[in-house]
Participant: 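Sending over a structure as structure tokens; questions will come in a sec.
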Amino acid sequence: MKNAVWQGLGALLAVVSFGAHAAGEVKLQQVTSIVSSKYGISQQGTTFEANVANLAYSKQVYAHYKREDGTWIDIPLAYNRAAGNGREIWTAPYGLPLNTTNDVQFALKYIVNGQTYWDNNGGSNYFVPKDSGATLGPGLNVYNLYYQPTSRVGANDAYQYGTVVVRNLAVTKDIAVVYSTDNWATSKTASTTYSPNHWTGAYSSATNPNAAGFEAWAFSLHVGTTATQVDYAIRYTVNGETFWDNNGGQNYRTTIVRQ
């Protein structure tokens, strides 16, 4: 299991043409857009995740984002984790407030070793509707959304919860999480649960699958009363083919903190 293989719009500003177009140096992992309402006030929360090649220690990664007034800004992404094969995941915080409720148009910008690389979706930029939930990057069929390296659980019998996003490749599919609480001396398999809504919140929700054809499935991993960590990977079987998200061959690991 430790060695499972991971398989897992408008014109961009003229400045992009002066940088290098990415040949895998930077690529979209996922983008999430959620609009919530409270007391009649709507707020958009957006998360950008980029997968970058670790070409040097010093680097900057941005979501190059088009604002409501048509101007563009660079939203800095922060290092999240290593993702195997010399790659890293960089993110903007979950639920980044953009002070608007617009569709999201952006590209990814990666500055390293004096060179600027772009992922602008082949020159078309990325575009996701507001309130659409999660959209995976090109070629990604399954992804562990909302990963956190540490989870606080109760002192008694406990569970670690999460969400899987998959590309809806067929109606019939099997999505499961293979996990271990003893460093893979033994392993278990947890099923996932489909919901009518991709996500749901106050006065707003996105249907499942969303308009881009992505579905959200929930999972819970039984960590009992004594486990101090849980290692896991996600298995997606559809159309006779199996895709894995195991964090680039490293698997996911969450430290369990009892409270």
Side-chain angles (χ1 to χ4, degrees), residues 1-8 22-24 26-32 47 49-51 53 81-87 89 119 121-122 124 126-129 132-147 159-200 205-222 230-254:
M1 187 63 229
K2 287 185 176 180
N3 297 317
V5 177
W6 177 48
Q7 300 183 42
V26 55
K27 53 188 179 180
L28 178 64
Q29 192 77 7
Q30 70 95 11
V31 56
T32 299
T47 300
E49 286 195 46
N51 185 314
R81 66 184 186 277
N85 302 312
R87 312 288 302 188
I89 302 298
D119 176 10
N121 193 27
S124 298
Y126 288 102
F127 179 91
V128 297
S132 58
T135 298
L136 303 185
L140 280 179
N141 293 316
V142 55
Y143 187 56
N144 178 33
L145 199 64
Y146 309 133
Y147 165 72
Y159 289 82
Q160 164 67 22
Y161 300 97
T163 300
V164 179
V165 172
V166 301
R167 194 181 299 270
N168 182 25
L169 299 177
V171 173
T172 302
K173 56 178 71 72
D174 179 64
I175 305 161
V177 182
V178 181
Y179 71 103
S180 174
T181 56
D182 55 13
N183 200 30
W184 297 109
T186 62
S187 65
K188 301 176 183 179
T189 301
S191 60
T192 58
T193 303
Y194 180 82
S195 169
N197 293 322
H198 187 84
W199 83 277
T200 186
S205 64
T207 58
N208 210 7
N210 64 15
F214 293 97
E215 295 178 345
W217 293 66
F219 66 85
S220 59
L221 309 181
H222 184 219
V230 56
D231 298 283
Y232 63 99
I234 300 162
R235 185 183 69 212
Y236 174 30
T237 301
V238 61
N239 293 331
E241 189 172 5
T242 297
F243 303 96
W244 287 92
D245 175 16
N246 62 6
N247 193 31
Q250 299 187 147
N251 296 325
Y252 290 99
R253 170 170 290 179
T254 295

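Residues take their numbers from the sequence shown, with the count starting at 1.
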Participant: Determine, stepwise, if the pair L169 / Y236 fulfils side-chain contact (heavy atoms from CB on, under 4.5 Å).
Facilitator: CA-CA 10 Å; L169 299 177; Y236 174 30; 3.9 Å; yes
Participant: For Y143 and I89, work out which heavy atoms get closest and say how close.
Facilitator: OH-CG2, 4.3 Å
Participant: Ignoring hydrogens, what is the shortest heavy-atom contact between N210 and S132? Give both atom names and the distance.
Facilitator: ND2-O, 2.9 Å
Participant: Apply side-chain contact (heavy atoms from CB on, under 4.5 Å) to residues T189 and R235 and explain how you reach the verdict.
Facilitator: CA-CA 10 Å; T189 301; R235 185 183 69 212; 4.0 Å; yes
Participant: Does any N or O in the side chain of T192 come within less than 3.5 Å of the main-chain N or O of W217, such that one atom is a donor and the other an acceptor?
Facilitator: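 Checked: no pair found.
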Participant: Taking the side chain from D245 and the backbone from N247, do they hold a donor-acceptor pair closer than 3.5 Å?
Facilitator: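 Side chain of D245 to backbone of N247, a donor-acceptor pair under 3.5 Å: yes, one is there.
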Participant: Just by modelled atom types, is the E215 backbone N or O under 3.5 Å from a matching donor or acceptor in the N168 side chain?
Facilitator: no
Participant: If we ignore hydrogens and angles and just use 3.5 Å, is the side chain of N141 paired with the main-chain N or O of R167 as donor and acceptor?
Facilitator: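 Answer holds: no.
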Participant: Does D119 reach the main-chain N or O of N121 with its side chain, forming a donor-acceptor pair under 3.5 Å?
Facilitator: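 At least one qualifying donor-acceptor pair exists.
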Participant: What's the verdict on side-chain hydrogen bond (donor to acceptor under 3.5 Å, both in side chains) for S187 and S180, showing C-alpha distance, side-chain angles and the deciding distance?
Facilitator: CA-CA 5 Å; S187 65; S180 174; over 6 Å; no
Participant: Are the side chains of V165 and Y146 in touch, meaning some heavy atoms are under 4.5 Å apart?
Facilitator: no
Participant: Would you mind telling me which of T172, D174, T242 makes a side-chain hydrogen bond (donor to acceptor under 3.5 Å, both in side chains) with T237?
Facilitator: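 Only match with T237 under side-chain hydrogen bond (donor to acceptor under 3.5 Å, both in side chains): T242.
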Participant: First locate atom CG of L28, then atom OG1 of T135, and finally report the distance between them rounded to the nearest 0.5 Å.
Facilitator: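 Separation between the atoms: 8.5 Å.
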Participant: Among Y161, Y159, Y179, whose ring pair (Phe, Tyr, Trp, His ring centres under 6.0 Å) with H222 holds?
Facilitator: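 With H222 as partner, ring pair (Phe, Tyr, Trp, His ring centres under 6.0 Å) holds for just one option, Y159.
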Participant: Donor-acceptor pair, N251 side chain versus D231 backbone, under 3.5 Å?
Facilitator: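 No, because the side chain of N251 does not come within donor-acceptor range (under 3.5 Å) of the backbone of D231.
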Participant: Using 30° and 60° as the class boundaries, would you call the ring planes of Y252 and Y147 parallel, tilted or perpendicular?
Facilitator: tilted
Participant: Do F219 and N144 have side chains that approach each other closer than 4.5 Å (heavy atoms only, starting at C-beta)?
Facilitator: yes
Participant: Counting distance only, does the side-chain N/O of N85 pair as donor-acceptor with the main-chain N or O of R87 below 3.5 Å?
Facilitator: no
Participant: Let me know which of E49, Q29, Q30 forms a side-chain contact (heavy atoms from CB on, under 4.5 Å) with L136.
Facilitator: Q30
Participant: Without swapping roles, check the side chain of Y232 against the backbone of T254 for a donor-acceptor pair under 3.5 Å.
Facilitator: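 No, Y232 side chain to T254 backbone: no donor-acceptor pair under 3.5 Å.
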Participant: Could you please spell out the steps behind the side-chain contact (heavy atoms from CB on, under 4.5 Å) verdict for V31 and Y126?
Facilitator: CA-CA 9 Å; V31 56; Y126 288 102; over 6 Å; no
Participant: Please tell me if the side chains of V238 and F243 come closer than 4.5 Å, counting only heavy atoms from C-beta onward.
Facilitator: yes
